[in-house]
Amino acid sequence: MKTYDLYINGQWTKSSNDRVIQVENPATKEIVACVPRGNAEDVDKAVLAARSAQADWAAKPVKERADLMRKLADVIESKHDELCLVISNEMGIPLKHALGYHVSGASNEARFFADMAENFQYEIPMEGGAVLREPVGVVAGITPWNYPLDQATYKLFPAIVSGNTVVLKPSQNAPTCCLILAECFDEAGFPAGVFNVVTGVAGEVGNALATHKEVDAVSFTGSTSGGIEVGKLALNTVKKIALELGGKSPLIVLEGGDLEAAVEHVCSDAFMNTGQTCCAYTRFLIHESLKERAEELLKAEAAKYITGDPLDDNTEVGPLVSEKAWIKVKGYIEKGIAEGARLIAGEIPENCDNGYYVKPAVFMDVTNDMTIAQEEIFGPVLSVITFKDDDEAVAIGNDTQYGLASGVYGPQDRAMAVAKRLKAGNCSVNGAGGSLAYPFGGYKMSGIGRELGTFGFEEFLEIKSVFFA
Ligand code: NAP
């Protein structure tokens with residue numbers, strides 16, 4: 001088991017108390033790492049370090065900041081194996097998927113935002129003056145465990161390369177990759193105080209960051225309930241707030257859509273990362289004429305998702321992250337059956353004595369008012385719902401408090417028409433994927449603001465009008 005300290009002002013620093021968080025491997029229940037359970041005093045040190053580093057960092061030529069970011073990308077690449085292993089050990093992703101799903105994105109993002117920073121127009125000339133874009137200042141990042149590295153880097157990289165400094169609080173469930181990321185910042189040669197990590201728990205480190213008067217912006221990724229609480233706290237000192245929250249996303253197959261491709265797509269989306277993906281398609285909306293064939297295809301496809309030991313090369317689905325998550329997901333499977341949905345794949349898991357495993361579950365005969373169709377389960381559970389026509393598909397798709405992602409399969413013109421009517425931050429038409437250049441984020445209770453793309457970069461910039469003769 002490895003132990004870590006906090007990373008504050010370019011130094012590995014003991015917490016001001018000696019409490020720790022023991023990080024559990026959800027596949028074996030072994031303790032795999034031990035990190036400090038930081039507190040408000042540690043947050044204060046980190047925020048003040050970030051504050052005192054910020055002006056000098058912002059004053060450096062953008063090329064210098066961007067080149068450091070590119071160096072960081074190289075260092076991250078040199079630690080790929082270590083990052084894959086700790087992420088797999090801490091949140092259960094099969095090791096063979098850790099690089100593709102969790103790790104390789106980080107260096108691409110660092111280079112992407114380095115280029116964006118160098119090409120961004122920070123001064124927009126106007127008649128009689130100009131509009132300036134300037135770094136916000138000190139940014140607090142509060143991040144989840146389900147993609148523990150890239151949910152942090154989506155914030156850190158644009159924030160830092162644009163001249164802000166950052167204090168990060170990673171999730172208590174999977175914090176270690178963010179401490180390895182701090183090693184990378186150190187090795188790449190970033191000035192002290194530009195990036196700081198304080199590990200700890202929500203009510204202590206999270207709250208201290210959201211309320212600290214020297215924090216100018218809070219960028220939160222996590223549950224909708226957590227985001228609302230953090231947002232309210234941050235508003236007391238009117239910080240800039242960005243929230244990336246939960247989802248209950250629909251994938252729609254119109255009459256005439258490619259059902260085979262859609263089934264493959266929906267299963268990989270709903271089951272990868274053991275269903276613990278914010279933007280996963282967890283509601284599969286199909287035209288009523290496709291129901292029988294869809295059932296056959298879904299049974300066959302779900303059977304391919306072998307659940308088991310994340311270190312076994314045959315495994316497609318690892319354990320859920322924790323006992324709490326296992327109890328919650330089991331409860332939703334029971335609830336789906338009790339509310340009258342028909343389970344055609346998966347089962348009610350019996351016990352979690354040997355890891356927090358739940359086999360991918362598919363429910364037919366779901367109606368959109370059922371609990372399993374409305375609440376974010378955050379496990380490998382797919383609900384299949386039928387509709388009569390395109391209007392009904394849109395109505396069901398939008399009948400949710402969330403609005404993170406969506407997708408449509410169908411004849412191109414009709415699929416595009418449906419895509420335009422869906423209230424979600426993104427929509428994939430006929431299986432097309434996005435890129436780092438596209439903004440990511442949610443409508444409704446899925447969030448405020450965007451990450452990635454130019455819009456995600458601008459979240460970390462203030463706007464100033466300057467009038468001159
Ligand atoms: P979470 O329980 O809300 O926690 C997220 C982070 O916020 C953790 O670091 C947590 O600390 C902290 N936190 C939670 N409540 C807080 C509070 N009241 N005050 C201060 N800090 C607080 O979410 P999670 O279980 O880690 O992640 C899963 C959720 O994140 C899902 O709902 C998923 O949809 C969402 N998510 C959204 C996106 C997106 O881009 N929209 C991406 C990934 C995940 P602790 O670790 O100590 O609890």
Side-chain angles (χ1 to χ4, degrees), residues 19 21 23-24 26 35-40 43 90-91 101-102 105 140-155 167-178 197-212 215 218-236 239 241-249 273-282 320-322 324-325 328-329 375-379 400-405 424-426 434 438-452 456 459:
R19 295 177 310 165
I21 294 170
V23 186
E24 185 191 39
V35 303
R37 180 167 165 171
N39 56 21
V43 167
E90 293 187 3
M91 55 72 64
Y101 290 178
H102 288 273
I142 302 179
T143 51
W145 50 266
N146 67 322
Y147 289 89
L149 184 62
D150 71 7
Q151 294 307 307
T153 56
Y154 279 12
K155 307 176 184 314
V167 181
L168 176 71
K169 179 226 164 305
S171 161
Q172 58 178 292
N173 289 106
T176 304
C177 61
C178 291
V197 185
V198 181
T199 49
V201 303
E204 297 167 3
V205 171
N207 281 16
L209 279 171
T211 52
H212 200 292
V215 167
V218 176
S219 179
F220 174 95
T221 301
S223 60
T224 295
S225 56
I228 291 170
E229 279 187 41
V230 166
K232 282 182 184 167
L233 291 174
L235 262 185
N236 286 325
K239 301 185 191 315
I241 300 168
L243 303 175
E244 294 284 341
L245 309 176
K248 193 75 196 175
S249 302
N273 222 37
T274 321
Q276 304 165 123
T277 302
C278 54
C279 54
Y281 297 130
T282 49
L320 291 163
V321 71
S322 64
K324 191 171 151 205
K328 183 175 156 209
V329 174
E375 295 184 9
E376 186 184 48
I377 297 173
F378 230 54
T400 163
Q401 63 175 334
Y402 296 111
L404 193 53
N426 72 52
Y438 281 88
F440 180 86
Y443 282 36
K444 301 192 275 183
M445 290 181 83
S446 288
I448 298 175
R450 292 292 180 270
E451 291 191 325
L452 302 181
E459 290 288 342

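In listed order, ligands and their atoms are each counted from 1.
- The existence of a salt bridge linking E459 and R450 is excluded, since no basic side-chain nitrogen approaches an acidic carboxylate oxygen closer than 4.0 Å.
- Note that OG1 of T199 and CG of L168 are 10.0 Å apart. Values are rounded to the nearest 0.5 Å.
- For the residue pair S219/K155, the side-chain donor-acceptor check at 3.5 Å is satisfied.
- To the nearest 0.5 Å, atom SG of residue C177 and atom CD of residue Q151 are 11.0 Å apart.
- By the ring pair (Phe, Tyr, Trp, His ring centres under 6.0 Å) test, F378 is found to be paired with W145, residues two or more places apart in sequence or in another chain being considered.
- Protein residues with any heavy atom under 4.0 Å from ligand 1: I142, T143, P144, W145, N146, Q151, K169, P170, S171, Q172, G200, V201, A202, G206, N207, F220, T221, G222, S223, G226, E229, V230, E244, L245, G246, C278, E376, F378, L404, F440.
- To the nearest 0.5 Å, atom OG1 of residue T143 and atom CD of residue E244 are 12.5 Å apart.
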